[in-house]
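Hydrogens, waters and symmetry mates are skipped; everything else that's a heavy atom, side chains included, is used. What you are looking at is a predicted structure, and each value in this text was computed from that prediction instead of being measured.
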Amino acid sequence: LWPWLLASIGLSALVQLVALPFFPDSPSYLLIQKGNEEGCRKAIRKLWGEGDHQAEIDDIMKEKASMASTKTLRVLELVKDRSLRWQLYILVAAMTTLQLCGINAVFHTAKFEEHFIPYVALGVGLCECVSSILCSTLIDRFGRKVLLWGGYTLMCSVLALLTMTLSLQHQFFWMHYFSVILIFLFVIFYGMGP
């Protein structure tokens with residue numbers, strides 16, 4: 001039953017993957033990151049219909065101007081800045097609570113010995129941290145749409161492979177190790193995309 005339950009998650013990812021090409025890029029992304037004012041106008045018309053949307057474009061331009069005057073902090077500067085301390089605490093708390101997401105139940109299905117499960121759960125937590133770091137560095141370079149496309153595509157592929165590995169784990173002794181690798185990949189792709 002577990003393999004089918006995991007595969008059912010892929011159905012919603014597939015629906016979103018098919019629908020994604022019909023969504024316009026974010027107007028603010030097009031104007032602020034890409035500097036494409038005409039693309040921004042087209043995206044706004046697609047989202048809100050025809051009409052005069054100059055006020056929205058002016059708001060985005062104000063946002064762009066305010067972002068230009070904002071200094072980007074490095075990690076060490078972020079940790080030292082007292083005004084950002086509470087936001088940092090909230091982020092750390094959110095990352096640690098991701099440990100409770102429920103994907104660790106798959107490890108019991110993968111037939112691991114009980115003493116290995118905490119180490120595999122630690123691996124999932126590390127994958128979540130890696131994916132959040134990767135996402136924060138990649139989103140400025142590629143944009144949300146590319147990360148969503150890639151994330152959903154790779155998640156669908158990993159879930160299909162995971163379904164096969166969980167179904168074949170009784171025939172090959174090494175298959176449950178491959179399942180855990182796929183779970184790690186799923187967590188990374190989920191964190192980078194959706």
Side-chain angles (χ1 to χ4, degrees), residues 1-36 39-49 60 63 90-110 120-169 175-194:
L1 188 61
W2 268 106
W4 293 109
L5 184 62
L6 286 172
S8 68
I9 296 170
L11 183 63
S12 67
L14 184 65
V15 168
Q16 292 179 25
L17 182 65
V18 169
L20 194 59
F22 304 105
F23 294 151
D25 283 321
S26 165
S28 58
Y29 167 75
L30 288 171
L31 190 59
I32 294 172
Q33 298 292 329
K34 297 290 185 181
N36 185 355
C40 174
R41 289 181 190 280
K42 284 168 109 174
I44 287 176
R45 281 193 301 270
K46 192 170 183 181
L47 287 170
W48 296 323
I60 296 172
E63 181 182 347
I90 291 169
L91 279 173
V92 169
M95 291 303 294
T96 55
T97 56
L98 282 175
Q99 292 293 322
L100 306 173
C101 68
I103 199 162
N104 297 339
V106 176
F107 304 140
H108 295 286
T109 306
V120 178
L122 179 65
V124 169
L126 290 174
C127 288
E128 291 167 348
C129 290
V130 165
S131 69
S132 65
I133 292 168
L134 279 174
C135 181
S136 65
T137 57
L138 294 176
I139 197 164
D140 289 334
R141 180 172 294 164
F142 299 110
R144 272 189 223 131
K145 197 170 190 177
V146 172
L147 289 183
L148 284 172
W149 261 102
Y152 282 127
T153 303
L154 293 170
M155 284 168 51
C156 285
S157 303
V158 166
L159 284 174
L161 287 172
L162 186 60
T163 301
M164 288 188 334
T165 59
L166 289 176
S167 299
L168 296 173
Q169 71 181 350
M175 196 60 75
H176 57 275
Y177 295 107
F178 190 60
S179 298
V180 171
I181 292 170
L182 289 173
I183 291 169
F184 287 168
L185 288 174
F186 179 84
V187 170
I188 289 172
F189 298 147
Y190 175 79
M192 285 184 353

Output yes when a side-chain donor or acceptor of S132 lies under 3.5 Å from a complementary backbone atom of C129, and no otherwise.
-> yes

Spatial distance of atom [atom1] ([X]) from atom [atom2] ([Y]) [nearest 0.5 Å]:
| X | Y | atom1 | atom2 | result |
| --- | --- | --- | --- | --- |
| L159 | M155 | CG | CE | 6.5 Å |
| I188 | Y190 | CD1 | OH | 14.5 Å |
| L166 | S179 | CG | OG | 4.5 Å |
| L31 | D25 | CG | CG | 12.5 Å |
| S12 | L17 | OG | CG | 11.0 Å |
| L168 | T163 | CG | OG1 | 10.5 Å |

Contact check, side chains of L154 and L185, non-hydrogen atoms, under 4.5 Å | no

Is there side-chain contact between F189 and V158, with heavy atoms separated by less than 4.5 Å?
-> yes

Minimum heavy-atom distance between [X] and [Y], given as atom pair plus value:
| X | Y | value |
| --- | --- | --- |
| F184 | C127 | CB-SG, 3.5 Å |
| K34 | Y29 | CE-OH, 2.8 Å |
| C40 | I60 | SG-CD1, 4.2 Å |
| V187 | E128 | CG1-CG, 3.3 Å |
| N36 | G39 | OD1-N, 2.8 Å |

Worked check of side chain to side chain contact (heavy atoms under 4.5 Å, CB included) between R41 and R45 | CA-CA 6 Å; R41 289 181 190 280; R45 281 193 301 270; 3.8 Å; yes

